[in-house]
Structures are given as C-alpha cells and as structure tokens.
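Comments concern the structure below.
All figures in this text were calculated on a predicted structure; none of them were measured in a lab. Throughout, protein chains are lettered first and strands after them, A, B, ... in sequence-line order, and every chain is numbered starting at 1.
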Number of protein chains: 2
Amino acid sequence: MVAKNSPTPLPGSCAACAVRPFALFRVVPQARVGEIARVRSAVRLVRANEAIRDSVFTLYAGWAFSWTTTPDGRRQILDFHLPGDLVERSEDGAEVSALTDVSFCVLAKDRLCEFMGRDPGLALSYADGLVRDRARLRERLTSLGRRDALGRVSHLLLELHGRLARRGGADRSGAPLPLKQAHLADALGLSVEHANRALAVLRRDGVASFQKGRLDLLDRTAMEELAGWSTAPAPPVLTRVGA
Amino acid sequence: MVAKNSPTPLPGSCAACAVRPFALFRVVPQARVGEIARVRSAVRLVRANEAIRDSVFTLYAGWAFSWTTTPDGRRQILDFHLPGDLVERSEDGAEVSALTDVSFCVLAKDRLCEFMGRDPGLALSYADGLVRDRARLRERLTSLGRRDALGRVSHLLLELHGRLARRGGADRSGAPLPLKQAHLADALGLSVEHANRALAVLRRDGVASFQKGRLDLLDRTAMEELAGWSTAPAPPVLTRVGA
DNA sequence: CGAGTTGTTGATAGTACTCAACTTGCGTGG
DNA sequence: CCACGCAAGTTGAGTACTATCAACAACTCG
C-alpha cells in the first residue's frame, strides 16, 4: 500500500512549479509569483486510498477522485483529478480520496478569495476550470444516460487519455492509468463484473487494452465510434484565460 | 403551439428587474445598474420548442433546456434553465431550446468579459453560478449511475421543486412544472414509457403526482426516501457572493 | 508461502427498452 | 357542433442489457 519505486515528489517553489501552466495560477505573471505563496497554507502528501480532508487544493502529483455514496451504500465516482487540477471538497456531501499517492498544495480559502477579489484574471481562471469541469460532467451524464457499457467505458478511457495527453502524460498510442476496474465501474454506473466484460470485449476486438495500469489504444477510430466521440471539446464560451 | 392566455413578459429596465436577485448581476449595486444595460445586447422572445441561437443570455421568463444527441439519434437533456439562470450555448456540441415560450436578455460576450475583468465580484458571481451548475450535474450523475427509475424521477422532481421554491415559484405542497414526460425521460436516461410507469407508481402509492403541468408532493418523506435525497445542498466552498 | 486484493468467468434474475396498440385532450375545420 | 388530426399519455408483451451471486484464477505484499 506504500509507494515503492519512485517516491511521490512534493511541490516546491511556485516560481518553478511544473504543473502551474495547467493550473489555476497559470494567469499570474512571473513577477507576482510571490503572491501565490501567501495563498498556499500547506503542502501535503496523502497515501493511496486515504481520504483527503483539505477543502481546497491544487493537485501536484498523483491522481485523486471525488465520490459520493447512495443511502444503500453504493459508490458513485463524480470526477477524477489529475495533476494541476484545482479540487474543492464538500460543496455537497462528496468526499475526495487519493487514487494513488498524491501530493498537493493546500490553499487558504479566505486568502484565495481575497486574491481573486483583487485580480479578476484569477477569478476568471477559476471560472475557466469550472467550465471545464462542467463540460466533462455533461459528457459523462450523456454517457450514463444514453450509452451502453461498451460506449461508456470507451468514452471514459478516451477522456482520460485526452486529459493526460494535454499535460504531456500520454502519447498517441496509450498512457499509464492508475485506475482499478472498480473505479471505472463506479464512475460509469456499472457493476465491476460488467465493466470487466466490456474491457474484455475491447481487448478481444483489438480496440483497446487496459491492463496493469496501462491503457493502449489499438484502434482509435473504432473506439471513437463505440464511444460516440464528439471531436474535440470546444473552448469555453466566456472565459478565455491563459493559452 | 402559440401562447394563449398570459403572454410571456419581456424584460424591462435592469434597475427594476424581477429576476436580478437570483441572477448573475445580483452583485452589482443599484448605483451601477447602468453598466449592466451596456452588456445587454438584445432582448428576445422565443417560442416553445424553438432553438435558441444566442450564446450567452440571462433567462427572464419561461423555461429552457440544454441537450445533446448521441450519434444514434437519442436525446440527452443536460440541464433545465429557470428564470434568472445564466445560460451559455455551445461550450460543446450542446444546443439550447425553449421549453415554454421564453424571454431573455442576450449578453455581449466581449462586454461581459470586460465587465468581469474590471469587477472581480461579478466574475465571482459568474463562478458561483458555475459551482451550482456543477453541483446539480453531480447529483444527476449520481442519479443516472446509481438510482433506479423511481429514484431518478423522484430526485429530479424534488430538485426542480427546490429550485422553483428558492425563487418563490412553488409552495411546500407542489409547483407548476411545464415539462412533458419526454423531458423527464430524456434528462434521466429513461424511455418515455418507463418514465411514465415510474410516475404511475408514485401516483398509485400516494407519493407524488405530476400531471397536466403540475407537480403535487403528497408524501415528501417517502419521496425523499425514494430519491436518496441528501438534505440541502451546502453553500459553495469558494465563492460566497450575494445573499 | 499464505492472505488479501484485483481480475475473470458462468449462470440466473431484474430492470428497463422496444414495439405496438390504444386512449385522452385539444384545436382546427367542416 | 361534431369529425378529424395530432401530440401526449398509458398499457401490455416480449426482448435486451446489466446486476447479482458464486466460484475461481492471478497477483501483490509481507
């Protein structure tokens, strides 16, 4: 249960932060990086499968996920969080857990609000992240509402691949994905067994293979077909921050 | 197909706007209402079932909804929009249609961006709306992933009732809902027939009745039980704008 | 080498979909 | 004023997809 080979790196100075180009603070010019440090209230490391209690943070390394549970005890995964993502806890009864070992920068709510109140660009960067979250949730809603198991699995795998690729964490043919099949199932509203069967079909048909923490895209065209993939998500309507 | 009795009211002056307390511009002090008018580029009226082409607007009267369609031609409703809601079109391939006759204020993207860039409070108000959208989508994702037809229908009806109640458009025992059963079905990932059967069960068991555009909550406790209702949604973590 | 977690597979039961009528309500036009 | 035409709502029968239950295999960790 403990990290073995490569220990999870801890975030260092904001000025040299590797994930900042993808993160909330990407809009802060180099000259004002010092102001960011005053918003960061702590740096933290949490082990895989542990709950994260901090309510606002920027993920630096590793994956996390948000989830709720229905009264009858079943889990619904609401979103996966990748390095650079801003994560907010408890906007409802949802919890956030570490999927792998993770490290992140905890942000002080009040100071962040104050910063955003002073810097509209930052507030818009925040809004931009929310718009992306919303777009992703809408896609997933469409999956759960109107796609069968094969389509849902294909769609989620393509989504995760795309998000990783945008951060340089994937190449065209595949990417490392630290998920278990149970995570896929709980994100897609499927039973673990059925998610497994869908993955087996993808493998059998030479479409994609997801094994041992690695996704391989064998036939992207076929996979997009199965997923009902809708080209690339368009840029947000309002907030066009950063690159 | 044409409105009969009460014609849809058109938005008038921003200063006296009835929906502004619930809308994006609620944070603009009365003294600066004039600035809002410069963001409004048009006032429009669209008939029920017609598509809305404007990409950013504040709904003033009537209901609208956002939706996509899967490659095989089935519709997924992504969200319903009520008076006061800020609606953005085409952040992806989604479309927006009028559910009833609607009237709304079209906003000029560039001028709105400029306003938000000058007024962080407004940007945060925008973010606040996005956080609410996200919370709603998460709830609905949980519905589609982990609740059966009865639970989904109950949950959506409770959600809509709550949203209306917050705007003073509903009392404790019920509310007018201009939806067809097909809208419920397409929002919940159900077939029309199955949605119909779920409604029939709610009626038979004296839980709720949804007929002729009106929802009656007959046994709220039982309904919340069915829906796996999670008390009241907590306030957003970051943006605490307005009341 | 166990013990537990994760992944696989098969059989069976449910829930929800599809297809096909048929009913209601309502507006138009004869 | 009533017939027709449609949209929306119902109902029933049969089918398909997915969950559940139960083993069992493969792997990881200590």
Protein-nucleotide distance ([X], atom [atom1]; [N], atom [atom2]), rounded to Å:
| X | N | atom1 | atom2 | result |
| --- | --- | --- | --- | --- |
| A/L190 | C/dT15 | CG | C1' | 14 Å |
| A/L99 | C/dT6 | CG | P | 11 Å |
| B/K180 | D/dT10 | NZ | P | 12 Å |
| B/L177 | D/dA8 | CG | P | 16 Å |
| B/F210 | D/dA8 | CZ | C1' | 11 Å |
| B/D148 | D/dT18 | CG | P | 16 Å |
| B/Q211 | C/dG25 | CD | P | 10 Å |
| A/R74 | D/dT20 | CZ | C1' | 11 Å |

Please tell me whether B/R146 and B/T142 have a donor and an acceptor in their side chains that are separated by less than 3.5 angstrom.
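There is no such pair between these side chains.
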
Side-chain H-bond candidate by donor/acceptor type, B/R74 with B/T70, under 3.5 Å
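Note: B/R74 and B/T70 side chains miss the donor-acceptor criterion.
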
Looking for any heavy atom pair under 4.0 Å, which part of the strands does A/G189 touch: base, sugar-phosphate only, or nothing?
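Sugar-phosphate contact only.
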
Report yes if a side-chain nitrogen or oxygen of [X] is closer than 4.0 Å to either non-bridging phosphate oxygen (OP1 or OP2) of [N]; otherwise report no.
| X | N | value |
| --- | --- | --- |
| A/N196 | C/dT8 | yes |
| A/R203 | C/dT8 | yes |
| B/Q181 | D/dA7 | no |
| A/R204 | C/dT9 | no |

A/D79 and A/R140 ion-paired at < 4.0 Å
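Yes, this pair counts.
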
Ion pair present between A/R163 and A/D85, side-chain N to carboxylate O less than 4.0 angstrom?
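Salt bridge: yes.
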
A/E193 or A/R147: which one's nearest nucleotide on DNA chain D is closer to the 5' end?
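It is A/R147 whose nearest nucleotide is closer to the 5' end.
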
Nearest-nucleotide wise, let me know which of A/K212 and A/R197 is further upstream toward the 5' end of DNA chain D.
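Whichever sits nearer the 5' end wins; that is A/R197.
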
Evaluate B/R197 against B/E193 for salt bridge (charged side-chain N to carboxylate O under 4.0 Å, His left out), listing each step before the verdict.
CA-CA 6 Å; B/R197 284 184 247 261; B/E193 297 90 333; 6.0 Å; no

